[in-house]
Amino acid sequence: MPSTALVIDDDYDVQHLSKLLLEQHGFAVETVGSLGELARKPALLEAELILLDLGLGKFTGLDILDYLHDLRLQTAVLLISASASQAVDHALEVGRQKGLNMLGFLPKARLLGGLADFLAPLAASAKAPWAAELEHAIESDELFLVYQPKKALKSGEITGVEALVRWQHPRCGLLFPDSFIPLAEKHDLMNALTWQMLELALIQQTRWRALGWDLNIAVNISAEFIRAKGVIKTFDALLKRHALPAPALTLELTESVGIECLGYASHVLEALRDRGCRLALDDFGTGYSSLVQLYRLPFGELKVDRRFVNSLESDEAACAIVLSVIDMGKRLGMDVVAEGIETAHQLERLTQAGCGLGQGYFISRPLTAAAFTHWFKTQRSSSNPHYPASTPSISSAS
Ligand code: C2E
Ligand code: MG
Ligand code: MG
């Protein structure tokens with residue numbers, strides 16, 4: 001696989017020239033003109049080299065350096081600018097202070113003759129491509145799950161958890177799914193990742209069951225997972241190996257994939273539902289589901305996207321949407337889950353509106369298995385009538 005480079009410059013001539021030169025050195029090159037464009041294509045950040053213009057209209061190269069720092073990326077950065085200046089020195093200094101791999105500065109006028117000087121040492125220290133690292137991470141214990149409780153709003157009972165993947169990257173620290181799921185999608189690693197997360201979820205399920213806790217675990221799956229050959233056979237084998245029943249799991253499929261495209265895989269969804277596995281339509285309201293498909297496909301749960309929940313207090317339209325979805329879900333015999341509840345007021349509003357279940361930082365942030373075990377024990381020993389004071393010991397759980 002060739003090395004990858006990203007050119008960030010709002011000057012299309014510079015983009016074009018840089019692309020040509022880098023391609024001559026064997027790089028596969030992408031170009032973007034703004035931070036906004038970059039934020040919409042995070043997979044581009046897997047590049048091994050970034051050529052960064054300092055002046056980008058509304059934003060500056062410093063904003064991009066902040067972004068790279070926030071994502072804890074170690075990509076090599078070469079600053080390009082019309083001329084040397086204090087701003088360039090300052091940006092190099094800031095980048096280095098942030099721990100970024102700053103290669104130096106090249107005036108745009110010297111791109112043609114000067115670029116090669118910076119590329120030679122880079123080739124010598126080329127790091128393993130992200131895709132290979134991710135593949136390794138899936139097989140090792142670098143990927144792990146955190147668990148966010150799902151609460152029945154009226155009774156206060158914790159009915160289950162949603163499992164969310166995290167990557168403890170050896171160099172970059174803790175990475176969130178938004179920064180590596182696009183890579184997994186691009187490099188055909190989603191199915192491997194999903195099976196591994198199901199495996200981890202079932203191991204955890206067994207541990208909690210040993211404590212007498214019957215918690216449904218929701219795992220996020222992708223559309224490719226449903227479309228893959230032999231998914232039901234592998235799913236059955238997985239449950240058998242862990243000696244767990246299908247109702248122990250919920251599979252969440254995000255609405256933004258477009259549920260229309262699932263039509264031809266509906267027999268797979270039905271087979272999962274017939275086994276007792278719950279199916280949830282995630283981030284509802286962000287895609288373009290036709291209501292007919294929603295009715296036809298065997299989803300038992302609708303998860304209202306957190307953007308609507310967040311705007312409950314401030315935006316009448318968002319409020320109307322949430323109330324309508326709750327009503328529609330009920331009429332279709334589906335459970336409605338409100339995602340991203342962050343305030344007491346939102347919780348109260350949703351409970352009053354008859355929303356069945358909720359998740360969000362106000363209830364609990366996603367927790368490691370050990371932290372969830374501790375949190376859940378505290379819930380059970382509180383005055384909540386759902387949980388009698390005598391709880392099993394948690395010392396062996398993790
Ligand atoms: P999602 O499935 O909709 O998960 C909910 C996301 O909202 C999680 O982000 C969670 O940490 C965050 N969240 C929960 N409560 C709140 C809140 O009150 N406020 C705010 N602002 N955020 C809240 P996370 O863990 O970063 O996951 C992002 C997305 O990545 C998930 O959205 C899901 O689509 C995807 N994802 C996560 N884990 C997996 C996985 O194992 N497999 C697949 N295929 N996708 C995954
Ligand atoms: Mg989800
Ligand atoms: Mg969601």
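Keep in mind that the numbers below use all heavy atoms, side chains included, and drop hydrogens, waters and symmetry copies. Just follow the structure's listing: the first ligand is 1, and inside any ligand the first atom is 1. Remember, it's a predicted structure, so these values are computed and weren't measured experimentally.
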Does atom 2 (O) of ligand 1 have a protein non-hydrogen atom under 4.0 Å from it?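 Under 4.0 Å from atom 2 (O) of ligand 1, at least one protein heavy atom found.
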State whether any protein heavy atom lies less than 4.0 Å from atom 44 (N) of ligand 1.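 True for atom 44 (N) of ligand 1.
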For [atom], the protein heavy atom that lies nearest, with its residue and separation:
atom	result
atom 10 (C) of ligand 1	Leu164 CD1, 3.8 Å
atom 29 (C) of ligand 1	Asp178 OD1, 4.0 Å
atom 46 (C) of ligand 1	Asn220 CB, 3.7 Å
atom 38 (N) of ligand 1	Val165 N, 3.1 Å
atom 16 (C) of ligand 1	Tyr361 CE2, 3.2 Å
atom 21 (N) of ligand 1	Glu342 OE2, 3.1 Å
atom 12 (C) of ligand 1	Arg306 NH1, 3.6 Å
atom 24 (P) of ligand 1	Pro177 CG, 3.8 Å

Which ligand 1 atoms, with their elements, are less than 4.0 angstrom from a heavy-atom of [X]?
X	value
Met190	44 (N)
Asp282	1 (P), 2 (O), 3 (O)
Pro366	11 (O)
Met197	41 (O)

Side chain, backbone, both or neither: which applies to [X] and ligand 1 if a contact is any heavy-atom pair less than 4.0 Å apart?
X	answer
Gln148	side chain
Glu339	side chain
Asp283	side chain
Ile181	side chain
Glu162	side chain
Leu145	neither

Answer yes or no: is there a side-chain heavy-atom contact under 4.5 Å between [X] and [Y]?
X	Y	result
Leu350	Val304	no
Val161	Gln359	no
Met328	Phe284	yes
Arg207	Thr373	no
Thr75	Asn101	no

Ignoring hydrogens and geometry, is there a side-chain-to-backbone donor-acceptor pair from His374 to Ala370 under 3.5 Å?
->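 Side chain of His374 to backbone of Ala370: no pair is present.
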Do any N or O atoms from the side chain of Asp10 and from the backbone of Ser34 form a donor-acceptor pair under 3.5 angstrom?
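Checking the backbone N and O of Ser34 against the side chain of Asp10, no donor-acceptor pair under 3.5 Å is found.
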Search all heavy atoms of Phe235 against all heavy atoms of Trp195 and return the closest pair with its distance.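 Nearest pair, atom of Phe235 first, then Trp195: N-CH2, 3.6 Å.
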Q | Leu253 to Ile221 - nearest heavy-atom pair and separation | A |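 Looking at all heavy atoms of both residues, the shortest contact is CD1-O, 3.4 Å.
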Is it true that some N/O/S atom of Thr254, main chain or side chain, lies under 2.8 Å from the Mg ion (ligand 2)?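 Checking the Mg ion (ligand 2) against Thr254, no N, O or S atom falls under 2.8 Å.
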Practice task
Please confirm whether Trp208 and Phe372 have ring centers closer than 6.0 angstrom.
Solution key: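 Distance test on ring centres: under 6.0 Å, yes.
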For Asn220 and Glu162, which I'm curious about, is there any donor-acceptor pair between the side chains at under 3.5 Å?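 Per modelled atom types, Asn220 and Glu162 side chains form a pair under 3.5 Å.
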### Message
Run the salt bridge (Lys or Arg N to Asp or Glu O under 4.0 Å) test on Arg241 and Glu199 for me, step by step, so that the C-alpha distance in whole Å, both residues' side-chain angles and the decisive distance to 0.1 Å come before the verdict.
### Response
CA-CA 10 Å; Arg241 194 151 28 86; Glu199 192 80 43; 2.8 Å; yes
#### Entry: the Mg ion (ligand 3) to Asp283: nearest N/O/S atom name
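This turns out to be OD1.
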Which is the closest N/O/S atom of [X] when seen from the Mg ion (ligand 2)?
X	value
Asp282	OD2
Glu162	OE2
Glu252	OE1

Lys/Arg N to Asp/Glu carboxylate O, Lys303 vs Asp283, below 4.0 Å:
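Salt bridge between Lys303 and Asp283, a charged N being under 4.0 Å from a carboxylate O: no.
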Q. Is any side-chain N of the basic residue among Arg306 and Glu342 closer than 4.0 Å to the acidic one's carboxylate O?
A.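 Salt bridge flag = no for Glu342 with Arg306.
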inquiry  = Run the side-chain hydrogen bond (donor to acceptor under 3.5 Å, both in side chains) test on Thr343 and Glu313 for me, step by step, so that the C-alpha distance in whole Å, both residues' side-chain angles and the decisive distance to 0.1 Å come before the verdict.
reply    = CA-CA 10 Å; Thr343 66; Glu313 287 133 326; 3.0 Å; yes
Taking both backbone and side chain into account, is any N, O or S atom of Glu339 nearer than 2.8 Å to the Mg ion (ligand 3)?
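Yes, within the cut-off.
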**N or O pair under 3.5 Å between Ile221 and ligand 1** =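 Not met; the criterion fails.
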Answer yes or no: are there more than 12 heavy-atom neighbours, outside Arg307 itself, under 6.0 Å from its atom CZ?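 Result for CZ/Arg307: open.
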Contact between ligand 1 and Arg166 is defined here as a heavy atom of the residue under 4.0 Å from a ligand atom; is it met?
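Judged by the 4.0 Å heavy-atom criterion, Arg166 does count as contacting ligand 1.
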